[in-house]
Every structure is written in C-alpha cells, then in structure tokens.
Student: 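Take a look at this one; I'll ask things after.
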Amino acid sequence: MLIVPESLIGGLVSPEDAFAAVEATFAAMSRGDAYNFPVVREALGEGRQYGFKSGLDRSGGQLGVKAGGYFPGNAAKGIINHQSTVFLFDPETGQPTAMVGGGLLTALRTAAASAISIDRLARADARVLGMVGAGHQAGFQLRAAARVRSFERVIAWNLHPEMLDRLGAVAAELGLPFEAVPLERMREADVIVTITSSPAASLLDAHVSAGTHLACMGTDTKGKQEVEPALLGRAAVFTDEVAQSVSIGEAQHAVAAGLLGPEAITPLGDVLTGAHPGRKTAEEITLFDGTGVGLQDLAVAAMAVRRAQERGEGISVAL
Ligand code: NAD
C-alpha cells in the first residue's frame, strides 16, 4: 500500500481537482453507482467527537473509510481541531491500497461541496458573500466560493470576533472588501456560508433575504445547529445525502420540529445529473445542507494517490 502523508497533499490536489472529484461523486450517488455506509460518530466527552465515514463508489472503483474527529482543545496546542486519515481498499479483494493524510483533503472536499452548491443554486448575479464562522474551514470556504461567483464584497460574523481578522486577510488576498457585521446585516448577502461548530442557531430566519443561497456546512453531528429551523421550512433544501441531512445535518432540527419532511430534501447530485432543475425563481431561498459524506473523502484521497503514483511520491509499504 502507498502512504501519502499530509505534507504532500497540497502539492497533489488543488481546489479545482477537489471540485471536479466531488462533483463526479455527487453525480455517481445520484445515479445509484455510489453509496455511503452508515456513519459512526461518537462523543468522547469535553466536546471531542470521533467517527468513521465510509462508502463504495462502483464507477470510481473506490472502497474506503475516513477515520477522524473534532478535538476542540487542539488549537491551543498549535494543531488543527479536525484530525483525520483516509484508508482506501481494493473493492475487488478488500486489500488495503493506501493510507492518506485527511486534514487538507477534508477542508478541500468540504469547500468544494459548498462551492458546487453555490455554482448550481445561487443566483448568477450574486455579488455579496456572507460568512458566518471564522475558524479553520472558513478560509477554504471563502476561497472556494469566490471561484464560482463574481463577488464584490464579503460581510462576516463570528461569535468570537477576534477570529475575523484571519478571514479578512483571505478576503484581502482575493481583492475583496471585507466587513465584520452583526447577524442582522446578513440580509445584504446573496450567498451565505455557515461554517461553525455551534450547538444552537445563530442565523435566524429574519436575517436572510429572499433569493439568497445558503451553504450550511458546519452541522455534521447530532446536536449541532447553525440556523433557525424556520429557514429550512421556507427554503428549497438540498443536501449531499438525505439520510445524513435528517440525522446529523442542519435539517435534523427542522425535521424534528415538523417543518420539513425528508421527501422534500433534494440530493445535490440530482441537480448535477439534470434530474432536478435546481433554483426555480430569483426569489426562492435555496439551502444546501452539507453534512460531509465518506465518498467525498474517498474521491479526493484517490486523486491524491493517483497523482503520487504518477510522480513516484509517497511511501510504499507491505502490510
Ligand atoms: P474551528 O474549531 O476551527 O472553528 C469553529 C468555528 O465555530 C469558529 O468560527 C468559532 O467561533 C465558531 N463557534 C464555536 N462555538 C460557537 C458557538 N457556540 N456559536 C457560534 N459559533 C461558534 O472549526 P472548523 O474546522 O472551522 O469547523 C467548523 C465546523 O465545520 C465544525 O462543526 C466541523 O465539525 C464542521 N465541518 C463540517 C464538514 C462537512 O463536511 N460538513 C467538514 C469539516 C468540518
């Protein structure tokens, strides 16, 4: 098997690669060629979470698992809060083929999913990007969003305002004016990305204008919540995978409150394959509930492995 360490990933997989790989994966899921196995996610106490996301993509020839979790105390130790490793196996024999550092890949594949939703569901004339959250993932999200729409400015809110400077620096790098705003001013945004580890809604229904597209990316576990359930009640809701959306995604709260039924949630892959038209009117609010599926991880990890093999990089070991 090939070990592809975290330190090599940045040189092997670009944000554009991740976008293409995740798009292909969502489309394969929609066609029924790929499916995710049930997620295992355990609370370890003191806010630590650990779990396994896995799946099989017959079209891409990928079988594997991402083992990883969220450790909120890590930042104080100088390491990122998300820690993960992807393991790939030969789908015909079950033999392990690769072990791949999953930190950067997670950020790239998560930002790619969000950007695909913006690309396919936001209004073409979207000019103001709203960011809710300013942690490790937020910069990747901002960069990926800026690739798919011609934004003219960025407005941002974070519970911990001192973290906003770092996000502002990313906006400056992209040449975008950046302003820290109260949540009420998210009404100015055409696209809003939420990427926090919040346990309760920050963004309320009244903070969102008609015609907005939201990419809700932070809620990936039971008990997390970023937006008011009423917002999902009035939005056209899309997701990576419905089973995850209703159980560990943002939709868990709206479904529990009886404001949204699982049958009303559309897989984003259906928009990619043309099975669903996507946004129907300029006034519609569209909301992508990005829960993060194992197949996304396998797709970008497989790409990293292919590139490493082509270039003779990585460490080959026999188990
Ligand atoms: P981080 O720890 O670097 O940042 C956490 C962010 O949440 C910060 O902006 C912080 O200010 C904010 N926050 C913390 N407590 C809050 C509260 N009570 N209310 C509102 N905001 C609060 O985390 P990160 O790596 O940027 O990840 C952010 C979230 O995204 C996490 O919940 C993580 O699990 C999730 N995530 C989802 C996917 C996916 O595929 N959907 C992938 C990776 C990460």
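What you are looking at is a predicted structure, and each value in this text was computed from that prediction instead of being measured. Order of appearance sets the numbers: ligands from 1, and atoms from 1 within every ligand.
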Student: For ligand 1, which atoms sit closer than 4.0 Å to a heavy atom of N81?
Tutor: 1 (P), 2 (O)
Student: Between Y35 and F37, does the ring centroid distance fall short of 6.0 Å?
Tutor: yes
Student: Taking distance alone, with N or O pairs closer than 3.5 Å, would you say Y70 contacts ligand 1?
Tutor: yes
Student: Just heavy atoms, cut-off under 4.0 Å: does T196 contact ligand 1 by side chain, backbone, both, or neither?
Tutor: both
Student: Around atom 18 (N) of ligand 1, find the nearest protein heavy atom and jot down its residue, atom name and distance.
Tutor: P199 CD, 3.3 Å
Student: What are the two closest non-hydrogen atoms of F87 and A67, and how far apart are they?
Tutor: CE1-CB, 4.4 Å
Student: Please state which part of T291 comes within less than 4.0 Å of ligand 1, counting heavy atoms only: side chain, backbone, both or neither.
Tutor: backbone
Student: How far is atom 3 (O) of ligand 1 from its nearest protein heavy atom, and which residue and atom name does that atom have?
Tutor: H136 N, 2.8 Å
Student: Any nitrogen or oxygen of G218, main chain or side chain, under 3.5 Å from a nitrogen or oxygen of ligand 1?
Tutor: yes
Student: Enumerate the atoms of ligand 1 whose separation from the nearest heavy atom of A134 is less than 4.0 angstrom.
Tutor: 9 (O)
Student: How far is atom 32 (O) of ligand 1 from its nearest protein heavy atom, and which residue and atom name does that atom have?
Tutor: K224 NZ, 2.8 Å
Student: Under 4.0 Å between a side-chain nitrogen and a carboxylate oxygen: does that hold for R307 and E313?
Tutor: no
Student: I want to know if ligand 1 touches T219 in the polar sense, i.e. an N/O pair below 3.5 angstrom.
Tutor: no
Student: With respect to atom 27 (O) of ligand 1, which of H160, E162, Q137, Q244 exhibits the smallest heavy-atom separation?
Tutor: Q137
Student: Of the choices L164, T106, D220, V132, which has the non-hydrogen atom that lies closest to atom 36 (N) of ligand 1?
Tutor: D220
Student: Give the numbers and elements of all ligand 1 atoms closer than 4.0 Å to a heavy atom of G133.
Tutor: 9 (O)
Student: I need the contact type for S202 against ligand 1. Using non-hydrogen atoms and a strict under-4.0 Å cut-off, is it side chain, backbone, both or neither?
Tutor: side chain
Student: Could you check whether any side-chain N or O of S84 sits under 3.5 Å from a backbone N or O of G102, counting only pairs where one atom can act as donor and the other as acceptor?
Tutor: yes
Student: So, for V227 and C216, which heavy atoms are closest and what is the spacing to 0.1 Å?
Tutor: CG1-SG, 3.9 Å
Student: Okay, side chain of D289, backbone of T239: is any donor-acceptor separation there less than 3.5 Å?
Tutor: no
Student: Quick check on contacts: which atoms of ligand 1 are under 4.0 angstrom from a heavy atom of M163?
Tutor: 8 (C), 11 (O)
Student: Would you mind finding which of G135, S114, A138 brings a heavy atom closest to atom 4 (O) of ligand 1?
Tutor: G135
Student: Give me the residue, atom name and distance of the protein heavy atom closest to atom 42 (C) of ligand 1.
Tutor: T110 OG1, 3.1 Å
Student: Heavy atoms only: give me the nearest V237-L232 pair and the separation to one decimal.
Tutor: CG2-O, 3.6 Å
Student: Report the part of R109 (side chain from C-beta onward, or backbone N, CA, C, O) that has a heavy atom under 4.0 Å from ligand 1; answer both or neither where that applies.
Tutor: side chain
Student: If you look at every heavy atom in V191 and A122, which pair is closest and at what distance?
Tutor: CG2-CB, 3.7 Å
Student: Is a salt bridge present between E250 and K224, judged by a nitrogen-to-oxygen distance below 4.0 Å?
Tutor: no
Student: Any ion pair linking E284 and R279 (charged N to carboxylate O, less than 4.0 Å)?
Tutor: no
Student: Test of understanding: given a 4.0 Å heavy-atom threshold, classify the contact between Q296 and ligand 1 as side chain, backbone, both, or neither.
Tutor: neither
Student: What protein heavy atom is closest to atom 20 (C) of ligand 1, reported as residue, atom name and distance in Å?
Tutor: S198 CB, 3.4 Å
Student: Just jot down the salt bridge (Lys or Arg N to Asp or Glu O under 4.0 Å) partners of R234, sequence neighbours excluded, or say none.
Tutor: D205
Student: For atom 14 (C) of ligand 1, what's the nearest protein heavy-atom neighbour? Residue, atom name and distance, please.
Tutor: S197 OG, 3.4 Å
Student: Evaluating non-hydrogen atoms only, which member of I195, L159, N158 is closest to atom 9 (O) of ligand 1?
Tutor: N158
Student: How close does the nearest protein non-hydrogen atom get to atom 43 (C) of ligand 1, and which residue and atom is it?
Tutor: H82 NE2, 3.5 Å
Student: Angle class for the H276/F238 ring planes (parallel below 30°, perpendicular above 60°, tilted otherwise)?
Tutor: perpendicular
Student: Hey, are D297 and K53 close enough for a salt bridge, meaning a charged N less than 4.0 Å from a carboxylate O?
Tutor: no
